[in-house]
Amino acid sequence: MHDARLIRERLDELREAMRRRGALEALDPQLDRCELLERQRRSLLQAVEERKAARNATSQEVARQKRAGGDAADLVATARALGEEIGQLDAELATVEREFDGILLEIPNMTLADVPAGDESNNIIVREWGTPRSSDGVRPHWEIAAAQGLFDLERGAKLSGSGFIVYRKKGARLVRALMNYFVDSHVDRHGYEEVWAPSIVNRSSMIGTGQLPKFENDAYRIAEDDLFLIPTAEVPVTNLYRDETVDGQLLPMAFCAYSPCFRREAGSAGKDTRGILRVHQFDKVELVRYAVPEDSEAQLAALLGHAEAMLRGLGLPYRVKLLAAGDTGFSSAKTYDLEVWASGVGAWLEVSSCSNFTDFQARRANIRFKPSKTEKPRFVHTVNGSGLAFPRTIAAILEHYQRPDGSVEVPEVLRPYVGTDRLV
RNA sequence: GGACAGGUGGCUGAGCGGUUGAAAGCACCGGUCUCGAAAACCGGCGUACCCGCAAGGGUAUCGUGAGUUCGAAUCUCACCCUGUCCGCCA
């Protein structure tokens, strides 16, 4: 969420930011409306506060006179009249604020200066690592998996519906291996605090990180309790310090959490849905960092490096893509996608999305820090990214490491976890 | 799920419906003292928003939301959360 002052003082800047996202046309009427509401809000606020001040003074006078044994009937009448006015003005103010906040909650973050403007055709490949394997003679992961019995899509569909997978045998083992390899690496080598958080969160948490209110349809909701299945561990982990002020000396803070992720993927049927590329439930290890504003870009670079280290460790060729403003997520100010090369599918698959959210989430979730004993609290910057998402990583492994005999070589770093050097 | 108890400022902890933004203590900040520190003493010390160039002024805030009242931390209702006990259970 943006600072309401932005609407009053830097609306042009906000407009330009929306233009860079290609969202200005859609949002311009809302911004105009916001500007009007902001003015109305202030004038109503002044009017109502003036009357409240008068009422407070009158009430004090009533108290004084009653103590003196007097009759304050006329004062009480004045105060009551003020009270009625206040009631009306307060109601108007509430209406204006509700609409204002409603709009503000649905305006995306402003991207940083070095993010290219425009749609995804303006994305920039920042770097590539490794040598993509030729697709010649490489079978797609779903064929290999079927041959080896690694996952069971049919029975997943029977249990839950399409888009739910049952991993079996070495497939299941591979999931567990990735979980341990990723978490161990980030905790032991990259200095993250290990976190194991709830997979179900409340509405406030979802608003805090920006999933709500705009994207409620994308989440699984437990209506009875108004709770949501998390689409990523980013939600519970970022919200750990919601409505808190942390000691500035503790920044940066770094958290690493494995979690299942649940996504309705409403409206995305048919898009990259083959095999395990887009499913309703998958597993992911998430990295989250809290930073001092001046340091958030450095923290993003560090986090990106930690995610990249996983792909290098696995020996999977990948590239780093800086997303253009129009391709950058709602809450993000800057995002790098990590894409792994899947030779069987013949495509680059997104396995991580590393973002700097600046103070956008912190303002929503009210996460602040005190720079020093004497300074006022400021909003932290939040940074996060996958390190990594499992299904596409598994797809890439199966394809990159497949051998002519149909078996799959287990990446060196996973062998201790998988227990073998070949999936047969 | 049931029965009690309780939610006050960074912490502990007072608070007859009327100068209570809220006693007191601790913590913290500034100062005096000291070679320095501690102790002692003096002063300060929440947050958000509005008006104002500023000085300053105003409003709100005692779990959340409604309500009663001229006036609510104090009364009423609903909800949320915490603790204890019972039930159930991996």
Side-chain angles (χ1 to χ4, degrees), chain A residues 1-10 34-105 196-208 212 221-228 236 239-251 260 359-360 362-380:
Chain A
M1 179 156 71
H2 298 289
D3 188 345
R5 266 181 299 232
L6 197 59
I7 300 292
R8 197 199 321 174
E9 295 166 4
R10 291 154 58 205
C34 253
E35 191 182 19
L36 175 69
L37 290 168
E38 204 282 326
R39 277 202 304 272
Q40 288 181 344
R41 184 181 75 90
R42 268 186 301 148
S43 87
L44 281 168
L45 200 59
Q46 282 171 48
V48 76
E49 288 189 352
E50 186 185 305
R51 284 161 182 76
K52 280 180 178 172
R55 182 182 63 183
N56 287 348
T58 309
S59 289
Q60 294 293 341
E61 188 54 28
V62 170
R64 209 167 292 127
Q65 294 206 5
K66 290 213 167 168
R67 250 198 313 275
D71 169 42
D74 51 336
L75 285 176
V76 169
T78 329
R80 182 181 293 139
L82 280 168
E84 278 164 24
E85 262 191 282
I86 289 168
Q88 275 185 14
L89 289 168
D90 259 342
E92 282 181 59
L93 182 62
T95 307
V96 167
E97 287 190 327
R98 207 171 7 250
E99 187 184 351
F100 182 74
D101 291 344
I103 294 175
L104 212 55
L105 277 172
W196 194 282
S199 301
I200 296 176
V201 297
N202 59 27
R203 184 170 285 274
S204 298
S205 296
M206 291 287 276
I207 290 173
L212 262 47
R221 173 168 173 240
I222 298 164
E224 178 90 8
D225 302 296
D226 200 33
L227 295 171
F228 298 83
N239 276 282
L240 275 178
Y241 288 87
R242 169 154 52 82
D243 291 322
E244 292 189 43
T245 301
V246 303
D247 179 357
Q249 303 300 309
L250 299 177
L251 297 176
D359 62 1
F360 191 83
R363 181 170 278 111
R364 287 175 162 249
N366 189 27
I367 306 165
R368 297 180 297 170
F369 74 100
K370 224 166 152 51
S372 69
K373 294 286 186 194
T374 52
E375 288 172 278
K376 292 202 144 245
R378 302 171 65 194
F379 288 113
V380 303

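Any value given below was found using the heavy atoms of this structure, including those in side chains, with hydrogens, waters and symmetry copies removed. Protein chains get the first letters and strands the later ones, always in sequence-line order, with residue 1 at the start of each.
Taking atom C1' on both nucleotides, C80(B) is separated from A66(B) by 14 Å, rounded to a whole Å. Atom P of G44(B) sits at a distance of 22 Å from the matching atom of U59(B), rounded to the whole Å. C79(B) and G1(B) have their P atoms separated by 12 Å, given to the nearest Å. C16(B) and U64(B) have their C1' atoms separated by 27 Å, with the value rounded to a whole Å. Taking the C1' atoms as reference points, C4(B) lies 28 Å from A90(B), given to the whole Å. Taking atom P in both C51(B) and G31(B), one finds a spacing of 35 Å when rounded to whole Å. Taking the C1' atoms as reference points, C26(B) lies 24 Å from G63(B), given to the whole Å. Comparing G15(B) with A23(B), their C1' atoms sit 8 Å apart, to the nearest whole Å.
Between the CD atom of Gln65(A) and the C1' atom of G71(B) there is a distance of 14 Å, rounded to whole Å. In this entry the distance linking CZ of Arg98(A) with P of G65(B) reads 13 Å, nearest Å. What separates CD of Glu244(A) from P of C11(B) is a distance of 11 Å, to the nearest Å. Here the P atom of nucleotide G65(B) and the CD atom of Glu97(A) are 13 Å apart, to the nearest Å. Taking atom NZ of residue Lys66(A) and atom P of nucleotide G17(B), one finds them 15 Å apart after rounding to whole Å.
Taking every heavy atom of residues 78-86 of chain A and every atom of RNA chain B, pairs under 4.0 Å involve Ala79(A), Arg80(A), by number.
Partner assigned to U82(B) is A5(B), using Watson-Crick or G-U wobble distances below 3.5 angstrom. Nucleotide G10(B): paired with C26(B) (Watson-Crick or G-U wobble, both distances less than 3.5 Å). Using N1 to N3 plus N6-O4 or O6-N4 for Watson-Crick, or N1-O2 and O6-N3 for G-U wobble, each under 3.5 Å, U61(B) pairs with G46(B). The base-pairing partner of A54(B), taking Watson-Crick or G-U wobble contacts with both distances under 3.5 Å, does not exist among the strands shown. With a cut-off of 3.5 Å on both pairing distances, the Watson-Crick or G-U wobble partner of A66(B) is U76(B). As the counterpart of U20(B), no nucleotide is assigned, since no Watson-Crick or G-U wobble pattern has both distances under 3.5 Å. The partner of U32(B) is A40(B), judged by Watson-Crick or G-U wobble contacts that both fall below 3.5 Å. Shown here, G87(B) forms no base pair; nothing in the strands shown gives a Watson-Crick or G-U wobble contact with both key distances under 3.5 Å.
Between Glu92(A) and Leu89(A), some side-chain heavy-atom pair lies under the 4.5 Å cut-off. Between Lys52(A) and Val48(A), some side-chain heavy-atom pair lies under the 4.5 Å cut-off. Ile200(A) has its side chain out of reach of Asp225(A): every pair of non-hydrogen atoms, C-beta onward, lies at least 4.5 Å apart. The closest side-chain heavy-atom distance from Ser59(A) to Asn56(A) is not below 4.5 Å. Arg41(A) places a side-chain heavy atom less than 4.5 Å from the side chain of Glu97(A). A heavy-atom distance below 4.5 Å is not found between the side chains of Tyr241(A) and Val380(A). In this structure the side chain of Asn239(A) never reaches within 4.5 angstrom of the side chain of Val201(A), judged on heavy atoms. Here the side chains of Arg364(A) and Leu105(A) are in contact, with some heavy-atom distance below 4.5 Å.
Rounding to the nearest 0.5 angstrom, the gap separating the CG atom in Asp3(A) from the CG atom in Leu104(A) is 8.5 Å. In this structure, CZ on Arg363(A) lies 11.0 Å from CZ on Arg368(A), to the nearest 0.5 angstrom.
Between Pro377(A) and Pro371(A), the closest heavy-atom pair is CA-CD, 4.5 Å.
With salt bridges taken as basic N to acidic carboxylate O contacts below 4.0 Å, none links Arg80(A) and Glu84(A).
Nucleic acid contact class of Arg64(A) (heavy atoms, under 4.0 Å, all strands): none.
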All N/O contacts under 3.5 Å from nucleotides 87-89 of chain B to the protein, with atom names and distances to one decimal?
none

For Arg203(A) and Leu212(A), run side chain to side chain contact (heavy atoms under 4.5 Å, CB included): C-alpha distance rounded to whole Å, both residues' side-chain angles, the deciding distance at 0.1 Å, then the answer.
CA-CA 8 Å; Arg203(A) 184 170 285 274; Leu212(A) 262 47; 3.8 Å; yes
Contact state string [nucleotides 45-64 of chain B, B base, S sugar-phosphate only, - no protein heavy atom under 4.0 Å]:
--SSSSS------BBS----
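Nearest-nucleotide mapping onto RNA chain B: of Lys373(A) and Ala77(A), the residue sitting toward the 5' end is Lys373(A).
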